[in-house]
Amino acid sequence: MSHKENVSIVGLGQMGAALARAYIKAGHRVTVWNRSPGKAEPFHGQANVAATPEQACSESDLTIISLSNYEASDQVFRAPLVAEAAKGRTLVQLTSGTPGDARSGAAWASGLGIDYLDGCILAYPSYIGGEQTPVFYSGPKDLYERHQSTLRVLGGATSHVGEPIGAAAALDCALLESYYGATLSFLHGAAICASEKIPLDAFFEKFQAILPLISITADMSKNMLSTGDFKGTDCTLDIHTNAIEHIVRLSHENNLDRRIPELVLSYFKRALQLGHGGDEIAAVFKAIQD
Ligand code: NAP
């Protein structure tokens with residue numbers, strides 16, 4: 001029988017509780033702690049419920065942190081008793097933050113002899129433990145490899161994305177920006193349909209049809225951003241700009257919020273000013289960098 005590491009989970013919010021459930025299901029000895037004891041109640045009988053975060057840290061060589069933000073994490077872990085309990089062990093920070101937060105956490109841990117990985121989960125809690133669930137880690141590769149089989153319990157698409165400790169958070173922020181931007185835009189699209197009495201079912205069904213176009217554009221952008229050559233034969237920025245102007249006008253005519261299409265239009269117009277009217281859409285990157 002292969003050895004399964006003991007795992008402690010600090011933070012039993014929606015995500016932390018899902019992480020704890022995944023380890024319990026996978027047969028690990030799990031210790032949990034949450035600031036408000038109510039969230040730990042469902043774990044009695046399935047996990048060791050610690051009375052304090054220092055007790056949680058001292059029960060396992062590997063502690064996973066899942067708190068609202070780094071401020072909360074610092075409040076818990078920089079307390080002397082908790083820091084002392086974490087010494088000589090591994091902390092895996094799954095609280096979302098910036099690359100700078102990750103660097104600050106790693107510097108603190110290194111000063112105390114604590115091994116430290118920073119990770120990001122690109123999924124909702126109900127997908128934890130799934131074959132395709134992506135979780136990124138950055139930090140020392142050998143440390144990641146030492147715990148890889150334990151970390152893989154949380155998602156089949158677990159990967160190490162770089163030794164620089166901020167790499168996972170940087171990728172997370174970049175991908176989440178794409179997610180939030182796209183979400184805001186499709187919700188605005190839904191508002192357009194509602195204002196024209198187009199059934200929302202029809203919109204969401206057709207929305208699936210545009211997803212491959214986003215993927216094709218991302219692939220095209222990858223090549224163009226790396227070569228700096230935005231010439232192509234698909235659609236000029238002049239034509240794309242016309243399309244966005246229609247969306248701004250429609251939003252105005254139907255009394256909808258125009259901030260999203262107007263913001264998009266401002267970037268496209270700037271790219272036109274920079275001389276990219278005949279180039280492909282990826283040339284808007286130049287307006288972002290401007
Ligand atoms: P959540 O349900 O709001 O839980 C927040 C947790 O942080 C709770 O356990 C809360 O404890 C604890 N907490 C907050 N401030 C604290 C403090 N000062 N001291 C001690 N504990 C404190 O949030 P979540 O959805 O689980 O998210 C946790 C982390 O996972 C976040 O960094 C989030 O960005 C990341 N994440 C979440 C998702 C998602 O879909 N939910 C996806 C990817 C990543 P109390 O119960 O005592 O308030």
Side-chain angles (χ1 to χ4, degrees), residues 7-24 30-44 46-57 62-83 85-86 91-106 108-109 116-130 132-139 151-159 161 165-184:
V7 179
S8 294
I9 311 284
V10 169
L12 294 172
Q14 303 203 23
M15 183 53 86
L19 305 179
R21 285 193 296 269
Y23 281 114
I24 291 166
V30 176
T31 299
V32 295
W33 177 82
N34 194 66
R35 177 180 60 178
S36 19
K39 285 185 188 148
E41 264 166 32
F43 290 93
H44 281 287
Q46 306 175 57
N48 180 24
V49 176
T52 60
E54 55 269 28
Q55 190 194 341
C57 280
L62 183 73
T63 292
I64 295 180
I65 311 167
S66 178
L67 297 172
S68 306
N69 48 43
Y70 268 75
E71 203 185 335
S73 175
D74 286 350
Q75 271 179 22
V76 173
F77 279 85
R78 299 198 186 202
L81 284 178
V82 187
L91 292 183
V92 176
Q93 180 60 275
L94 287 182
T95 300
S96 305
T98 67
D101 290 331
R103 286 189 281 274
S104 153
W108 164 81
Y116 195 84
L117 288 171
D118 194 81
C120 296
I121 302 168
L122 259 284
Y124 289 122
S126 53
Y127 290 85
I128 291 300
Q132 312 290 330
T133 301
V135 190
F136 304 150
Y137 293 94
S138 49
L151 297 176
R152 196 165 286 282
V153 167
L154 302 180
T158 288
S159 60
V161 294
I165 195 73
L171 262 176
D172 189 51
C173 289
L175 292 167
L176 283 181
E177 189 189 4
S178 312
Y179 164 71
Y180 290 124
T183 301
L184 195 58

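First listed ligand is number 1; within each ligand, the first listed atom is number 1.
Side-chain contact between V82 and C57 is present, with heavy atoms from C-beta onward closer than 4.5 Å. Using a 4.5 Å cut-off on side-chain heavy atoms (C-beta onward), Y124 and T133 make no contact. Side-chain atoms of L91 and I65, non-hydrogen and from C-beta on, do get closer than 4.5 Å to each other. Residues T31 and W33 form no side-chain contact, since every pair of their non-hydrogen atoms from C-beta on lies 4.5 Å or further apart. You'll find the side chain of I64 reaches within 4.5 Å of the side chain of L154, heavy atoms only.
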Between ligand 1 and the protein, find all N/O pairs closer than 3.5 Å and give the distance for each.
from	atom 1	to	atom 2	distance (Å)
ligand 1	2 (O)	Q14	N	2.9
ligand 1	7 (O)	S68	N	3.2
ligand 1	7 (O)	S68	OG	3.3
ligand 1	9 (O)	L12	N	3.4
ligand 1	9 (O)	G13	N	3.3
ligand 1	9 (O)	N34	OD1	2.6
ligand 1	18 (N)	R35	NH1	3.3
ligand 1	18 (N)	Q75	OE1	2.9
ligand 1	26 (O)	Q14	N	3.0
ligand 1	26 (O)	M15	N	2.7
ligand 1	32 (O)	L67	O	3.0
ligand 1	32 (O)	S68	O	3.3
ligand 1	32 (O)	S96	N	2.9
ligand 1	34 (O)	S96	OG	2.7
ligand 1	46 (O)	N34	ND2	2.9
ligand 1	46 (O)	S36	OG	3.0
ligand 1	46 (O)	K39	NZ	2.6
ligand 1	47 (O)	R35	NE	3.0
ligand 1	47 (O)	S36	N	3.0
ligand 1	47 (O)	S36	OG	2.4
ligand 1	48 (O)	R35	NH2	3.0

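The environment of CD in E71 is sparse: at most 12 heavy-atom neighbours from other residues, nucleotides or ligands sit within 6.0 Å.
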